[in-house]
Amino acid sequence: MKRNHLTLAVLFAVSLAVQIGALFLLLGSHDAGIARDINLAGKQRMLSQRIAFGLNRIPLETDASQRTETERALNAAIDEMERNHQRLASTPGADAALRRIYDQPPFRLNERIDDFIAGARHLLEQQRTGKAVDNGTLRRLNDMALVPLLETLDMAVFQYQRLAEEKARKARNVAFFLAALIFATLTVGGILLLVIIRQVQRVEQRMSINEFVFEHSPDGIITADADGVVASANPAVRDILGCEAGTLVGRSLFALTSDFDCYGDMDEAGVRDTLKRKGAWRAEINALDGQAKDLVINIRTVYRKDGSIRAFVALVTDITEQKQAEERFRRLSLHDSLTGLKNRAAMTEAIEHEVQVAHRDETAFTLMVLDLDGFKQVNDRHGHQVGDMLLQRIAARLTRTVRESDMIARLGGDEFAIVQRKVRQPSDVETLAGKLLA
């Protein structure tokens with residue numbers, strides 16, 4: 001009997017050990033891979049913005065060492081984004097919704113990231129070798145980083161979170177089943193069950209992906225109840241909005257949207273109506289907390305299973321640097337880098353505008369085009385550096401000759417164009433032409 005009891009005790013002990021070992025293995029190893037994937041997916045979002053900003057910044061660098069450092073950092077960011085994407089795209093256990101985001105229209109995250117990385121490498125190689133930058137590709141990458149790629153990466157992060165929550169739910173189900181089995185196997189299962197429940201609670205707390213993202217997100221996150229009353233705000237809100245997160249709690253989320261906007265033209269009723277109809281609302285605003293900021297606010301409605309509103313979640317993103325980079329790029333795209341004059345694109349816009357003004361006001365303007373005689377011989381005899389200096393001197397003289405209201409541009413090579421605005425009589429044209437030739 002004792003031997004049978006001992007055998008039974010050993011079987012019970014082995015069974016209990018296997019059950020407890022399986023339980024702790026499940027609880028201890030489940031969250032690492034999911035948390036890594038969520039971190040990588042969130043990092044892809046930041047890398048896309050950093051790469052877009054860096055590509056716009058390189059043409060503005062005047063210091064060679066600083067430019068080299070920026071190119072090195074961009075290469076590293078592009079390589080990291082590519083590695084992260086390869087790792088995420090091959091994530092085992094990805095559900096059908098996540099695969100649709102990566103592979104199927106309208107999202108096609110695989111295609112968008114590959115396109116973005118290829119375009120970034122192409123532009124970086126052009127800038128590194130001193131070739132003319134493909135402004136169309138740069139503009140397309142800026143547009144992609146601003147909305148399509150950013151929103152699709154956000155969808156991927158949210159889907160990873162949902163996948164994590166689903167796996168966590170399954171893990172909890174298995175954990176409770178094992179706990180019940182342990183309770184039935186051992187008369188002291190109550191004590192073991194209490195320990196297991198506590199362990200499950202600790203693991204659930206550690207696996208709270210939403211809490212992790214909430215606390216560490218670079219974007220401001222504000223949650224509100226079904227009535228729109230703010231319940232919580234993460235630490236990033238303080239840096240973005242210049243106010244402590246606690247001061248927002250208890251206030252109306254929809255009233256805050258107009259408070260954030262320094263122009264104060266947000267319509268609270270319109271925000272509520274859009275959320276009621278579409279479940280989401282998005283706007284770009286100009287905020288002021290000691291310094292001007294450009295912000296994007298996204299508000300989404302969280303529904304219960306019965307379709308009723310459970311809560312609202314607002315995501316506040318600071319796009320000030322991105323806007324500044326876009327403005328610098330716009331100014332750069334309309335000026336000649338050698339002479340500082342307007343370029344051909346700017347001149348084309350100016351002519352189109354003057355034609356409209358002339359039709360509207362029944363006024364006249366003059367377009368003059370001139371080039372330099374013997375310029376090729378200057379380059380051949382003295383070199384292109386002297387030729388560039390000559391073009392700069394000519395540009396300065398032409399600028400001093402025309403009125404401030406007139407416009408002068410370098411069309412290319414040694415060819416210049418002047419738009420003389422508000423011409424009253426032919427003698428005005430002859431007078432200016434004589435001064436330019438002189």
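Quick caveat, the model's predicted, so the values are computed rather than measured.
- Of all non-hydrogen atoms in Gly387 and Asn379, the two that sit nearest each other are CA-OD1, 3.3 Å.
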Verdict with reasoning, Thr223 to Phe312, per side chain to side chain contact (heavy atoms under 4.5 Å, CB included): CA-CA 6 Å; Thr223 64; Phe312 296 97; over 6 Å; no
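- Remark: Leu367 CG to Ile351 CD1 distance equals 4.5 Å, nearest 0.5 Å.
- In this structure the side chain of Val357 reaches within 4.5 angstrom of the side chain of His353, judged on heavy atoms.
- A 4.5 Å side-chain heavy-atom check between Arg251 and Val229 finds every atom pair outside the cut-off.
- Distance check: Arg282 CZ to Ile299 CD1 gives 12.5 Å after rounding to the nearest 0.5 Å.
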Full working for side chain to side chain contact (heavy atoms under 4.5 Å, CB included) between Ile297 and Trp281: CA-CA 8 Å; Ile297 299 181; Trp281 176 86; 3.8 Å; yes
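- We find the CG-CG distance between Leu315 and Asp219 to be 4.5 Å, quoted to the nearest 0.5 Å.
- A salt bridge does not link Asp79 with Arg83: every distance from a Lys NZ or Arg NE/NH1/NH2 to an Asp or Glu carboxylate oxygen is 4.0 Å or more.
- No hydrogens or angles considered: a donor-acceptor pair under 3.5 Å links the side chains of Asp306 and Ser308.
- The distance from atom CZ of Arg344 to atom OG1 of Thr348, rounded to the nearest 0.5 Å, is 7.0 Å.
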Contacts under 3.5 angstrom, residues 395-420 side chains, donor-acceptor by atom type, not counting sequence neighbours:
from: Thr399; atom 1: OG1; to: Ala395; atom 2: O; distance (Å): 2.7
from: Thr401; atom 1: OG1; to: Arg397; atom 2: O; distance (Å): 2.7
from: Arg403; atom 1: NE; to: Asp406; atom 2: OD1; distance (Å): 3.4
from: Arg403; atom 1: NE; to: Asp406; atom 2: OD2; distance (Å): 3.0
from: Arg403; atom 1: NH2; to: Asp406; atom 2: OD1; distance (Å): 2.8
from: Arg403; atom 1: NH2; to: Arg421; atom 2: O; distance (Å): 2.5
from: Asp406; atom 1: OD1; to: Arg421; atom 2: N; distance (Å): 3.0
from: Asp406; atom 1: OD2; to: Arg403; atom 2: N; distance (Å): 3.4
from: Arg410; atom 1: NE; to: Gly413; atom 2: O; distance (Å): 3.0
from: Arg410; atom 1: NH1; to: Asp336; atom 2: OD1; distance (Å): 3.2
from: Arg410; atom 1: NH1; to: Asp336; atom 2: OD2; distance (Å): 3.2
from: Arg410; atom 1: NH2; to: Gly413; atom 2: O; distance (Å): 3.1
from: Asp414; atom 1: OD2; to: Leu372; atom 2: N; distance (Å): 3.2
from: Gln420; atom 1: NE2; to: Asp428; atom 2: O; distance (Å): 3.3

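- In terms of modelled atom types and a separation under 3.5 Å, the side chain of Asp225 and the main chain of Asp227 share a donor-acceptor contact.
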Verdict with reasoning, Asn343 to Met347, per side chain to side chain contact (heavy atoms under 4.5 Å, CB included): CA-CA 6 Å; Asn343 59 16; Met347 176 59 72; over 6 Å; no
Arg121 vs Ile117, side chain to side chain contact (heavy atoms under 4.5 Å, CB included): CA-CA, chis, key distance, verdict: CA-CA 6 Å; Arg121 292 191 189 282; Ile117 290 175; 3.7 Å; yes
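- Rounding to the nearest 0.5 angstrom, the gap separating the CG atom in Asn298 from the OG1 atom in Thr317 is 6.5 Å.
- Heavy atoms from other residues, nucleotides or ligands lying under 6.0 Å from CZ of Arg277 number more than 12.
- Contact check for Val313 versus Ile221: side-chain heavy atoms found under the 4.5 Å cut-off.
- Summarising the local packing, CZ of Arg300 is surrounded by 12 or fewer heavy atoms from other residues, nucleotides or ligands at distances under 6.0 Å.
- Atom-to-atom distance recorded for Arg310:CZ and Thr301:OG1 is 13.5 Å, nearest 0.5 angstrom.
- A 6.0 Å sphere centred on CD of Gln385 holds no more than 12 heavy atoms belonging to other residues, nucleotides or ligands.
- With Gln392 contributing its side chain and Leu338 its backbone, the two residues share a donor-acceptor pair below 3.5 Å.
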